[in-house]
Every structure is written in C-alpha cells, then in structure tokens.
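Notes to accompany the following structure.
The structure presented is a predicted model; accordingly, all values stated were derived computationally and were not measured.
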Amino acid sequence: MKALVLSGGSGTRLRPFSYSMPKQLIPIANKPVLEHVLEDIGNMGITEIGVIVGGWSAQIAEVIGDGSRLGVKVTYIPQDKPLGLAHCVTLARPFLGDDDFVMYLGDNMLPEGTVRIADEFRAERPAAQVVVHKVSDPRAFGVAELDENGRVERLVEKPREPKSDLALIGVYFFTPAIHAAVAAIEPSPRGELEITDAIQWLLTSGAEVKASEYQGYWKDTGRAEDVLDCNRQLLMGLHAEVAGEVDDISELTGLVRIEPGARVTRSRIEGPVIIGAGTIIEDCHIGPDTSIGEGCVLRGSRIRDSIVLAGATISHVPGIHGSLIGRGATVDAGVETDPYHRLVVGDHTRIEVAA
C-alpha cells in the first residue's frame with residue numbers, strides 16, 4: 001500500500017504567510033502540518049509516499065527531504081496547475097501503479113490518527129473508503145449519505161438541504177479501481193476533475209464504497225484561526241521537558257517544553273508552551289497555548305495563545321494574543337500599552353505596536 005499526499009495548494013486564506021511559505025509548512029506545536037500528516041501515514045505502516053507539489057516544491061523538499069528522517073521514502077510529483085484532486089491521481093499513476101493507496105490532503109490535521117481506518121480498509125478492500133466526520137453545518141462540505149450498513153449511497157457536494165451530517169474530510173482509501181473512474185469523468189463546471197465525481201462513478205457502476213467515521217479532533221488548517229485552534233489542541237498533549245537553560249528567578253507552571261539551547265531568564269511561563277531550540281526569553285510572561293519556534297528572541301514582552309515562527313524578534317510588547325508572527329519578523333512596542341494585541345505578521349516583516 002502506498003500514499004499520495006496533496007501539497008500543491010496556494011493557501012490564499014492564510015495570507016500574508018502563504019506569500020512566502022506553503023500552508024503545509026505552517027508549524028503546529030513547532031512541527032509543520034505536512035510532517036504531522038507524514039507521521040500519521042507512517043504509523044499506518046506505509047513507507048512509500050508520493051507528494052504532489054506546485055510552486056513551493058523547493059521549500060517543501062528542503063523541510064521534508066527524502067523522508068528518511070521520518071522513516072519513509074518520499075517521491076515528489078510536480079503539478080503545474082491545480083486541476084482537481086482526481087487530476088492528482090492521474091499525475092501520480094506512474095508512482096501508484098496498481099497498488100492500493102491512501103490519498104491525504106497535506107493541510108489536514110487529525111491528531112488521533114487514522115491507523116484504525118487503514119486497518120479496516122486493508123481487511124475489507126472496498127473499491128473506495130472515505131473518511132467522514134460529523135459537522136454542525138454540512139452545507140460547507142462534501143457529504144456522504146450512508147445506508148444502514150455504513151456503505152455510501154451517494155455523495156453530495158455542499159448540499160443546500162443536507163440529508164447527512166457526515167462530511168468528507170480529505171482522507172480517502174482506494175484500490176486500483178479508482179483509476180478507471182478518474183479516466184471516465186469529465187471536468188466539473190469549475191474546470192477541475194473532482195474526486196467526489198470519481199467516487200460517485202464507482203457507486204453508479206456498482207462498486208462498493210464504504211465510509212469510516214473519524215471521531216477525534218480534526219482541522220483543515222486553511223485559516224489563521226484554525227491554525228491557532230489546532231495549536232491549542234496539540235499543546236494539551238505536550239510532553240513537558242526542560243532541555244535548555246532556565247535561571248532560578250524564572251517560574252514554569254503546567255506543561256512546558258524548553259528545547260536544547262534555549263535560554264529563559266527572569267520570566268514566567270504558563271503551559272502548555274513550547275520554546276524552540278536556541279530561543280532567548282528574557283523578562284517575559286509567556287503562555288498558555290503558545291508555540292515559539294527556534295532561534296527567536298523575546299524581551300520584555302507578554303504573549304499568549306499564539307504561534308511565533310523561527311527567527312522572530314519581539315521586544316517590549318506588553319500584550320500579544322491570538323497571533324501568528326512570521327519567520328524572521330520583528331515586533332516592537334512604540335509606546336507602553338496594556339491591551340493585548342491580535343496580530344498576523346508575515347515573514348521578515350517589521351511592525352511597531354502602539355496604543
């Protein structure tokens with residue numbers, strides 16, 4: 001069994017970040033989303049992974065490499081233009097051959113993992129098996145309508161009057177039967193080959209399509225607020241450890257991870273918080289629900305419920321919350337001010353916070 005991971009999207013909802021980095025590399029608890037995805041796939045026992053890449057292929061390859069660091073083998077498959085999920089299957093056909101495979105959207109976060117569902121697919125091998133999750137408003141999703149045995153009867157894209165609350169969440173298991181379905185369908189009105197159309201073709205042809213419900217936490221990390229929410233969720237399971245330096249004046253409470261080479265001086269840190277390798281924290285109040293990347297410098301500042309990417313500097317800002325601070329960004333305080341600021345600061349940007 002192989003895996004196909006889709007990482008070619010542009011991430012327009014995450015601008016300004018997606019101007020300078022792919023959304024799949026946004027860190028959640030100091031680890032890129034794509035790395036979380038590859039770890040879930042590796043836990044399924046899959047070692048051969050094809051990754052669809054677009055304009056950010058060089059950055060993705062720089063971070064993920066050949067996959068050996070994660071115990072897998074990664075093959076990069078270029079896509080010049082996003083033409084639909086089913087089009088990705090066509091591009092990947094030489095890599096996939098006639099093997100069963102899982103297709104996984106590269107900006108999806110399923111922290112509880114999908115190993116159980118992968119095992120179900122291996123045991124029963126329906127032509128396709130979709131992963132679904134109950135949502136409060138199915139009108140924004142592709143929806144699976146099931147019979148009493150959990151078999152899919154129909155897929156409906158963004159129904160106005162949903163008959164089901166089971167949304168497709170971007171993880172699909174396929175046998176080679178999907179290739180005939182992809183070859184048979186036509187582009188949708190938006191000019192893309194839709195994977196839902198291919199699965200519906202299988203259903204119409206009499207093939208078995210099953211659905212498995214994922215009941216854990218799930219997020220599509222396409223928006224800043226979703227990234228922050230996901231960061232909070234993963235930090236709750238943080239393994240506390242102090243591998244860096246913390247002086248006697250500083251106070252750590254709750255789940256706090258200080259990575260090697262980090263230095264904390266005259267500061268208070270309330271977990272869950274992770275401080276990246278080589279980061280300097282001086283005279284600060286950090287947390288909770290904050291991830292600070294490697295090589296950052298924070299002085300005289302308060303920050304909570306935020307993500308600070310590698311190499312950022314925050315100086316004398318008395319209040320930041322619910323914020324994303326980009327790589328190499330600089331945030332300074334223009335004047336002393338009490339209210340917490342909510343910021344989205346792009347990579348290598350300098351801003352001054354005033355009252």
Side-chain angles (χ1 to χ4, degrees), residues 1-10 22-25 32-35 37-108 114 117-118 121-122 125-131 168 170-188 190-203 205 207-209:
M1 189 168 170
K2 294 177 180 176
L4 181 63
V5 177
L6 311 188
S7 296
S10 59
K23 60 181 178 178
Q24 295 85 3
L25 295 186
V33 172
L34 182 56
E35 192 168 321
V37 168
L38 296 181
E39 285 184 352
D40 186 21
I41 292 170
N43 289 337
M44 297 179 200
I46 298 172
T47 57
E48 293 185 68
I49 303 175
V51 179
I52 299 286
V53 290
W56 294 110
S57 58
Q59 282 205 41
I60 290 173
E62 182 180 359
V63 172
I64 301 301
D66 63 2
S68 57
R69 176 173 58 87
L70 302 172
V72 298
K73 179 182 178 182
V74 170
T75 298
Y76 294 101
I77 303 168
Q79 183 185 40
D80 294 334
K81 185 179 179 181
L83 296 174
L85 304 189
H87 179 250
C88 294
V89 175
T90 299
L91 288 177
R93 183 64 196 274
F95 165 77
L96 296 169
D98 290 325
D99 291 307
D100 294 351
F101 67 98
V102 58
M103 186 169 76
Y104 205 127
L105 301 191
D107 56 359
N108 254 4
T114 53
I117 298 173
F121 172 74
R122 285 189 175 103
R125 290 195 73 238
Q129 186 163 327
V130 297
V131 180
L168 303 173
V171 181
Y172 311 83
F173 293 86
F174 296 117
T175 67
I178 192 63
H179 298 299
V182 169
I185 63 174
E186 298 291 334
S188 66
R190 63 177 182 170
E192 298 188 359
L193 289 175
E194 310 286 356
I195 199 65
T196 50
D197 289 345
I199 298 171
Q200 189 63 51
W201 186 92
L202 289 173
L203 284 167
S205 301
E208 182 183 16
V209 177

Checklist entry - Which pairs count as salt bridge (Lys or Arg N to Asp or Glu O under 4.0 Å) when at least one residue sits in residues 91-100, sequence neighbours excluded? => result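 Non-adjacent pairs meeting salt bridge (Lys or Arg N to Asp or Glu O under 4.0 Å): Lys2-Asp99, Arg93-Asp98, Asp100-Arg125.
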Checklist entry - Which residue pairs pass the salt bridge (Lys or Arg N to Asp or Glu O under 4.0 Å) test when at least one of the two sits in residues 70-86, sequence neighbours left out? => result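 Listed by first then second residue: nothing to list.
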Checklist entry - Can you name the side chain to side chain donor-acceptor pair (under 3.5 Å) partners of Asp40, sequence neighbours left out? => result Tyr104, Thr114
To the nearest 0.5 Å, what is the distance between [atom1] ([X]) and [atom2] ([Y])?
X: His179; Y: Phe101; atom1: NE2; atom2: CZ; result: 5.0 Å
X: Ile185; Y: Leu193; atom1: CD1; atom2: CG; result: 5.0 Å
X: Leu34; Y: Asp107; atom1: CG; atom2: CG; result: 10.0 Å

Minimum heavy-atom distance [X]-[Y], with the two atoms named:
X: Leu96; Y: Val89; answer: CD1-O, 4.3 Å
X: Gln24; Y: Leu6; answer: NE2-O, 4.3 Å
X: Pro32; Y: Val63; answer: CG-CG1, 4.0 Å
X: Phe95; Y: Ala3; answer: CE2-O, 3.5 Å
X: Leu25; Y: Gln59; answer: CD1-O, 3.7 Å
X: Leu91; Y: Pro78; answer: CD1-O, 3.9 Å

Item to check | From CA spacing to verdict: side-chain contact (heavy atoms from CB on, under 4.5 Å), Tyr172, Ile178 | outcome: CA-CA 11 Å; Tyr172 311 83; Ile178 192 63; over 6 Å; no
Item to check | Qualifying residues under side-chain contact (heavy atoms from CB on, under 4.5 Å), relative to Ala207, sequence neighbours excluded | outcome: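 For Ala207 the side-chain contact (heavy atoms from CB on, under 4.5 Å) partners, ignoring immediate neighbours, are Ala127, Leu202.
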Item to check | For Pro126, side-chain contact (heavy atoms from CB on, under 4.5 Å) partners two or more places apart | outcome: Phe121, Glu124, Gln129, Glu208, Lys210
Let me have the donor-acceptor pairs involving side chains of residues 43-53, under 3.5 Å, with sequence neighbours excluded, atom names and distances please.
{"residue": "Asn43", "atom": "ND2", "partner": "Glu39", "partner atom": "O", "Å": "3.3"}

Checklist entry - Considering residues at least two apart in sequence or located in another chain, which fulfil the salt bridge (charged side-chain N to carboxylate O under 4.0 Å, His left out) criterion with Glu194? => result Arg190
Checklist entry - Any sub-3.5 Å donor-acceptor pair from Tyr76's side-chain atoms to Gly65's backbone N or O? => result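 Here the side-chain-to-backbone pair exists.
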Checklist entry - So, do Leu168 and Val131 sit near enough that their side-chain heavy atoms are less than 4.5 Å apart? => result no
Item to check | Worked check of side-chain contact (heavy atoms from CB on, under 4.5 Å) between Asn108 and Val171 | outcome: CA-CA 9 Å; Asn108 254 4; Val171 181; 4.3 Å; yes
Next on the checklist: For a side-chain contact (heavy atoms from CB on, under 4.5 Å) check, start with the C-alpha distance between Ile195 and Phe174, then their side-chain angles and the critical distance, and finish with the verdict.
Outcome noted: CA-CA 11 Å; Ile195 199 65; Phe174 296 117; 3.8 Å; yes
Item to check | Test side-chain contact (heavy atoms from CB on, under 4.5 Å) applied to Glu192 and His87, step by step | outcome: CA-CA 8 Å; Glu192 298 188 359; His87 179 250; over 6 Å; no
